[in-house]
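Let me begin by presenting the structure, written as structure tokens, before commenting on it.
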Amino acid sequence: MIVLKTSSEIEQMKEACKIAAGALKAAGEAVEPGVSSAYIDKIARDYIVKHGAKPTFLGYNGYPAASCVSINDTVIHGIPSKSQIIKAGDIVSIDVGATFKGYVGDNAATFAAGEISPEAQRLCDTTRESLYEGIKMAVAGGRLGDIGSTIQRYCEERGFSVVREYTGHGVGKVMHEDPSVPNYGTPGRGVRLLPGMTIAIEPMINQGGAGIRQLPDGWTVKTRDGKLSAHFEHTIAISSNGPVILTMI
Ligand code: MF3
Ligand code: CO
């Protein structure tokens, strides 16, 4: 069931989203060679707590941290660890959610540690751009497939591939609401987009093949071929005036 939000509910949700966005920014600024992924997580977690919010991910299905830190060939759900040290040239995807006054904000971005290769840069740029192209299609009267197909075309035209097993999602009082928001699809198909829908759009884009595998820890998702992957996410609202990005500072 898709839960439509009133404009005052969306205003409330914006507060959670702003905290999530601030946590992501702070964590991203902490990315540099020599720091651990657990240190990045601590920055995100402290930011959320300092702003009176709760780290949405912590304890979610038993997840042990406030954020996911996914390096290089890790697509998503990398578990922060003190022994995992970021190196120059790494790309570091950080995903973080905050719950505040009963609403969830969810966002992610991929950051460079020191100098990265031109190919890694192109993957990150394309993934981020595809998110904004997808967001442009999040308009009332459109269809869910307009978003996914736009992201898919944008990335595939540039030689990259779209992960299929994980998708974006509705978001509101809980992190995962209907509908599921794939990063692939057919224009004009799928659920009709309506004012009041709040969704997280989150392309997970691979440098090589689309295949993934999950590690035995039950969380970490890596590319099957060991090539790089990038991930960007915003929580947005569909309004009669077009898409509103809620996870903006
Ligand atoms: N942004 C991710 C998602 O939409 C984060 C979930 S990680 C979890 O699913 F640990 F909280 F599950
Ligand atoms: Co999400």
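Counting starts at 1 for both ligands and their atoms, following the listed order. Position 1 is the first residue of the sequence; numbering continues from there. Keep in mind that the numbers below use all heavy atoms, side chains included, and drop hydrogens, waters and symmetry copies.
Contacts with ligand 1 closer than 4.0 Å are made by no heavy atom of Y166, backbone or side chain. Contacts with ligand 1 closer than 4.0 Å are made by side-chain heavy atoms of C68 only, the backbone lying farther away. Looking at F57 against ligand 1, both its backbone and its side chain come within 4.0 Å, counting heavy atoms.
For the pair OD2 of D106 and OE2 of E202, the angle whose vertex sits at the Co ion (ligand 2) is 170° to 10 degrees. The Co ion (ligand 2) forms the vertex of an angle spanning OE2 of E233 and NE2 of H169; to the nearest 10 degrees it equals 110°.
Closest to atom 12 (F) of ligand 1, if we only count protein heavy atoms, is Y60 CD2, 3.2 Å.
A salt bridge does not link R143 with D146: every distance from a Lys NZ or Arg NE/NH1/NH2 to an Asp or Glu carboxylate oxygen is 4.0 Å or more. Here R122 does not pair with D125 in a salt bridge; the nearest charged N to carboxylate O distance is not below 4.0 Å.
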Would you sort out whether K5 and E177 count as a salt bridge (charged side-chain N to carboxylate O under 4.0 Å, His left out), showing the intermediate values? CA-CA 12 Å; K5 284 84 179 173; E177 292 186 349; 2.7 Å; yes
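Of the options D95, V96, I40, a side-chain contact (heavy atoms from CB on, under 4.5 Å) to V69 is made by I40 and by none of the others.
Taking 2.8 Å as the criterion, H176 does not count as a coordinating residue of the Co ion (ligand 2), since none of its N, O or S atoms falls below it.
The shortest separation from a heavy atom of D106 to ligand 1 is under 4.0 Å, placing the residue in contact.
Rounding to the nearest 0.5 angstrom, the gap separating the OG1 atom in T110 from the CE atom in M204 is 11.0 Å.
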